[in-house]
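Quick note: residue numbers are just sequence positions, from 1. Indexing begins at 1, ligand by ligand and atom by atom, following the structure's order.
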Amino acid sequence: MSNLEYGYLGPPGTFSEEAISNYCARYGGSTAACGSIRDIVEAVIADRVDLGLLPLENSLEGSVNLSLDLLYQHPELKLYREIVLPIEQYLLVQPGAGKEEIEEIYSHPQAIAQSGDYLAAEFKDAKIIYTDSTAAAAKKALSDRKRAAVGSIRLAEIYKLEIMAENLQGDLPNATRFVLAAKKDKDLGANNHLGEAAASDFKTSIICAPMVNEAGVLHRILGKFAEENIDLTRIESRPSRQRLGEYIFYIDLKGCSSDQHLSSALEEVKKISSYFRLLGSYPGTVIE
Ligand SMILES: O=C(O)C(=O)C[C@]1(C(=O)O)C=C[C@@H](O)C=C1
């Protein structure tokens, strides 16, 4: 078992904590709660933890933009593993509080968005207040019976809250994909389990920006992967922050960067990019 320390979005009771606790139960290691996604990245950079767990995307709501932006802003970071966690949202209140008493609903923006249809139908007059995490929302609900929190069932037990409603995301499949990131030059030890998986289960993530902003550039980049028969699992754009209308692309691909076909496609993409960064090749862990 490994003795690595993992920073995650706390306090205890978040989905992030569930994901990393599950991972550590399987592979060893300890956890450290951080107050925000920025704090996780700072803790990794300052060597206060070995790796940080960043939420990257959700099956209903898409990207966690802050995580994408922080990965771009910190070229010293590398991705080591993906963890996918199924998500179920609950509405939690002070014991005994009635539905008609609820005036404010607290949660992380992703959790609020995943429960959007339910909240619009059942609490259309309630004020929605965003928090840094679902567990921070539970703490808010604890102190006032007119408040409710959206989050995991574990929050009910940890913070002694009552479940007012369950399955807020409806029947749609809800899962969040996290990544473990560390400094590239960090010595993670030999027995870290991070690379454990069948080679076929690897994914590779890159960030790139086209050399010129003209018709067909994205087509040319994607064509390089098609030529080598590489399965592209996700593409996301974010503003380059240099000029209005200029974007950088986050691309996830099946395979490992050392595979012959993927490595030649990456070399070709590098040639036609003004910015290119290999975020890493990593295996995944799916939590049931
Ligand atoms: O607030 C939490 O519980 C988190 O772990 C963060 C987070 C996210 O950023 O997406 C993680 C999973 C869920 O999608 C909702 C919130």
Side-chain angles (χ1 to χ4, degrees), residues 6-24 31-44 49 51-71 79 81-92 105-119 128-142 147-159 161 163 165-181 234 236 238 250 252 284-288:
Y6 301 92
Y8 71 93
L9 180 65
T14 58
F15 290 105
S16 300
E17 191 216 23
E18 191 178 340
I20 200 63
S21 310
N22 249 285
Y23 182 82
C24 288
T31 60
C34 301
S36 69
I37 292 179
R38 279 185 201 281
D39 288 348
I40 301 170
V41 170
E42 264 172 39
V44 171
V49 294
L51 296 109
L53 180 79
L54 300 175
L56 258 205
E57 65 169 318
N58 173 265
S59 56
L60 302 181
E61 284 311 310
S63 289
V64 180
N65 289 337
L66 180 58
S67 296
L68 292 180
D69 292 345
L70 288 169
L71 286 173
L79 304 185
R81 193 152 193 127
E82 167 186 281
I83 301 177
V84 176
L85 179 75
I87 303 283
E88 198 162 332
Q89 301 291 3
Y90 290 78
L91 191 69
L92 306 161
I105 297 177
Y106 290 76
S107 202
H108 185 283
Q110 276 279 343
I112 293 285
Q114 291 161 26
S115 316
D117 290 345
Y118 170 84
L119 296 177
I128 303 288
I129 300 160
Y130 291 136
T131 50
D132 279 337
S133 70
T134 53
K139 287 187 174 182
K140 291 281 185 190
L142 203 55
R147 297 175 173 174
V150 175
S152 107
I153 194 168
R154 295 166 64 244
L155 292 172
E157 201 178 302
I158 298 173
Y159 297 98
L161 291 166
I163 296 170
E166 57 187 36
N167 198 28
L168 305 196
Q169 75 284 341
D171 294 334
L172 302 167
N174 194 7
T176 294
R177 174 177 170 236
F178 297 85
V179 280
L180 285 174
R234 173 168 176 250
E236 184 68 80
R238 292 288 296 149
Y250 293 72
D252 292 344
T285 300
V286 176
I287 295 165
E288 304 296 335

Residue, atom and distance of the protein heavy atom nearest atom 3 (O) of ligand 1 read T134 OG1, 2.5 Å
Any chance CG of D117 has more than 12 other-residue heavy atoms, nucleotides or ligands included, within less than 6.0 Å? no
Checking heavy atoms under 4.0 Å, the part of E17 that sits near ligand 1 is neither
Could you walk me through whether R238 and S63 pass the side chain to side chain donor-acceptor pair (under 3.5 Å) check?
CA-CA 10 Å; R238 292 288 296 149; S63 289; over 6 Å; no
The atoms of ligand 1 lying under 4.0 Å from a heavy atom of S133, numbered in the order shown, are 1 (O)
Ligand 1 atoms nearer than 4.0 angstrom to some heavy atom of L9 are 4 (C), 6 (C)
Q.
For S115 and Q89, which I'm curious about, is there any donor-acceptor pair between the side chains at under 3.5 Å?
A. no
Nearest non-hydrogen contact to atom 9 (O) of ligand 1 from the set E61, H108, Q169 belongs to H108
Aromatic contact between Y8 and F178, with the criterion being ring centroids under 6.0 Å apart: yes or no?
no
* Is the shortest distance from a heavy atom of E18 to ligand 1 less than 4.0 Å? -> no
Checking heavy atoms under 4.0 Å, the part of T176 that sits near ligand 1 is side chain
- Item | Any side-chain heavy-atom pair of S21 and Y6 under 4.5 Å | no
- So do the side chains of I153 and E88 get within less than 4.5 Å of each other, counting heavy atoms only? no
What about Q110: any of its N or O atoms under 3.5 Å from an N or O on ligand 1? no
* To do: Evaluate the side-chain proximity of I105 to I129: yes if any heavy-atom separation is below 4.5 Å, no if none is.
  => no
Under 3.5 Å between any N/O of S16 and any N/O of ligand 1: does that happen in this structure? yes
Worksheet item: Taking both backbone and side-chain atoms of F15, is any N or O found less than 3.5 Å from an N or O belonging to ligand 1?
Response: yes
